[in-house]
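Order of the sequence lines sets the chain letters (A, B, ...), proteins ahead of strands, with each chain counted from 1.
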Protein chains: 2
Amino acid sequence: MSPDSPSLVVGDDDLETTVRSRDAGATRQLLLTAGRRRFAQDGYSSTKVRDIASDAGVNVALINRYFGSKEGLFEACLATARDELGRTDDATTSLDNLVEKTTRQISGPPNGERTLMLLLLLRSSGDEGADRIRRNTLRSFAEQMSVAAGWAPESARSDDLMLRAQVALSTMLGIALLRASSTGLEPLTSAGAGDLEGPLSDVIRALLEPPPGRGA
Amino acid sequence: MSPDSPSLVVGDDDLETTVRSRDAGATRQLLLTAGRRRFAQDGYSSTKVRDIASDAGVNVALINRYFGSKEGLFEACLATARDELGRTDDATTSLDNLVEKTTRQISGPPNGERTLMLLLLLRSSGDEGADRIRRNTLRSFAEQMSVAAGWAPESARSDDLMLRAQVALSTMLGIALLRASSTGLEPLTSAGAGDLEGPLSDVIRALLEPPPGRGA
DNA sequence: TTTGTAAGTCAGCACTTGTTTACATCGACC
DNA sequence: GGTCGATGTAAACAAGTGCTGACTTACAAA
């Protein structure tokens, strides 16, 4: 019947059981997903292209075909993270909402989608282009947080407030990193959303208290 | 910092390979210092043994002679960081004191001694022994913070308090990481102790408010 | 001086790793 | 059928990269 191409059967977690014989787009996507996880978990230089290809169930050479180089794949992964994190899904204009979203972003499995995005922003490849993407994404993300905390967009760019937002971001990143770390620091690593919401709420509120000129 | 090692002409462009004083202890120390900086800045797998040796002005093979392997040198560096951070210099029993110490630890050049120690704790080599050192050091450091915040040592080990201390630690680590990152995220990267003390104080106080049952 | 030993040097092996090159295969269109 | 471009595969290349073992040198005891 179906001339199964056995070497192309890939994902245990992916469901494209259909004979994806020759689909450039799908192959690119597989490499992006696998690369994102590897880069986020192991860092850039620890990640081997053969591992990524193996995870994706794809030949190694295709990384170079579709992304030019390991660097190229990394930048592409970073771009997907940027698009993902840059998406201001809805009007998050309350501190409660920000706290809830942040908690959800952090808690969750260390290799979950959201955590991977954050970790990716901490992984450097030494490339200037990739660094620029990371910097812009981080800056924009912190800016979003200050705005979401209820600050007016214009006032949300003052140096003091940006610093505070970036400290809040540091907390998120630090937690994500420690949780994903191989140290297994307890109770942080195993803490669930319920455990983290209290401390996180305290931190965010202490840093980004509601706008001074407004409600309060 | 260390009493200048006599007849060890290393620092500059090593041209005179003739005058290599034969002091095993000094050589070990040179390798530890160079290794600590490289590992902390670039991560484990990005760091090449030849670079460390070059920084130290020492032959590559001596890494293997004195530390067995690259891994061995990394573990030794980690141990020095543990000893450094584990040193409870004085009775730090006030929140003010903790905030001041934390601020001093964080602010300072990204390649300063103190920051390097923190960054080292985040660098994984994949080795189990190194991971255990990192975990114990991190745990002990967080514990110290909760005690320094004024909690009684016995109550300082409750899960909830430990979690809060570890979140505070996450903030420190996240800031250190972002500051040392090649992204150059502003204003965080260039923020001085004066700028950071306010936000940091807010975070630490929000997380580790003075003991409830005691004084106050 | 001779000799023993610790400290340091040197060349290169065995292996990894990103990349490239040459070839095979599929799908479509004439 | 036959050609051809897109897709995928396998092998190999070139530049590292950690590590080793034989060798040399400084220092000091005998």
Side-chain angles (χ1 to χ4, degrees), chain A residues 1-11 16 18-32 34-35 38-39 42-77 125-127 130, chain B residues 5-10 14-32 34-35 38-39 42-77 125-127 130:
Chain A
M1 321 289 195
S2 65
D4 56 346
S5 41
S7 61
L8 281 188
V9 178
V10 180
E16 79 305 346
T18 60
V19 192
R20 177 200 54 81
S21 40
R22 286 165 171 260
D23 184 339
T27 300
R28 274 184 59 103
Q29 194 52 52
L30 284 173
L31 285 173
L32 280 174
R38 283 281 183 176
F39 285 136
D42 305 338
Y44 179 80
S45 49
S46 292
T47 298
K48 337 283 183 211
V49 285
R50 285 177 172 84
D51 290 339
I52 298 177
S54 172
D55 287 354
V58 148
N59 192 282
V60 205
L62 298 183
I63 290 179
N64 296 93
R65 175 189 288 283
Y66 289 123
F67 299 97
S69 64
K70 181 188 179 184
E71 273 283 343
L73 174 58
F74 181 69
E75 281 198 34
C77 291
S125 69
D127 180 61
Chain B
S5 29
S7 79
L8 232 329
V9 204
V10 183
D14 43 348
L15 304 177
E16 55 276 77
T17 52
T18 57
V19 214
R20 162 108 266 118
S21 118
R22 305 162 79 86
D23 184 340
T27 300
R28 273 184 61 102
Q29 193 52 51
L30 284 172
L31 285 173
L32 280 173
R38 283 283 184 177
F39 285 136
D42 305 337
Y44 180 80
S45 50
S46 292
T47 298
K48 337 284 183 211
V49 286
R50 286 177 173 84
D51 290 340
I52 298 177
S54 173
D55 287 354
V58 148
N59 192 281
V60 206
L62 298 183
I63 290 180
N64 298 97
R65 174 188 288 279
Y66 289 124
F67 299 97
S69 64
K70 181 187 180 185
E71 273 282 344
L73 175 57
F74 180 70
E75 280 199 35
C77 292
S125 68
D127 178 63

I need the minimum non-hydrogen distance between S125(A) and E71(A), along with the two atoms involved.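 Looking at all heavy atoms of both residues, the shortest contact is OG-OE2, 3.1 Å.
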On a heavy-atom basis, which atom in L31(B) and which in A56(B) lie closest, and how many Å separate them? CD2-CB, 4.0 Å
Take the protein atom [atom1] of [X] and the nucleotide atom [atom2] of [N], then report the distance between them rounded to whole Å.
| X | N | atom1 | atom2 | answer |
| --- | --- | --- | --- | --- |
| Y66(B) | dC19(D) | OH | C1' | 17 Å |
| N59(B) | dT25(D) | CG | C1' | 13 Å |
| N64(B) | dT20(D) | CG | P | 6 Å |
| L62(A) | dA10(D) | CG | C1' | 12 Å |
| L73(B) | dT17(D) | CG | P | 17 Å |
| F67(A) | dG8(D) | CZ | P | 12 Å |
| R22(A) | dG5(D) | CZ | P | 15 Å |
| R50(B) | dC10(C) | CZ | C1' | 12 Å |

Taking any heavy-atom pair under 4.0 Å as a contact, classify V60(A): base, sugar-phosphate, or nothing. base
Verify side-chain contact (heavy atoms from CB on, under 4.5 Å) between F74(A) and R38(A), making sure each step is shown before the conclusion. CA-CA 10 Å; F74(A) 181 69; R38(A) 283 281 183 176; over 6 Å; no
To the side chain of A24(B), which of dT20(C), dA7(C), dG18(D) is closest?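 Of all the options, the side chain of A24(B) is nearest to dA7(C).
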Please compare G25(A) and T47(B) by the position of their nearest nucleotide in DNA chain D and report the one closer to 5'.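 So the residue in question is G25(A).
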Hey, which of these two, R65(A) or S46(A), hits DNA chain C nearer its 5' end, going by closest nucleotide? S46(A)
Would you mind reporting whether R28(A) and F67(A) have side-chain heavy atoms less than 4.5 Å apart? yes
Do any side-chain nitrogens or oxygens of T27(B) fall under 4.0 Å of OP1 or OP2 in dG8(C)? yes
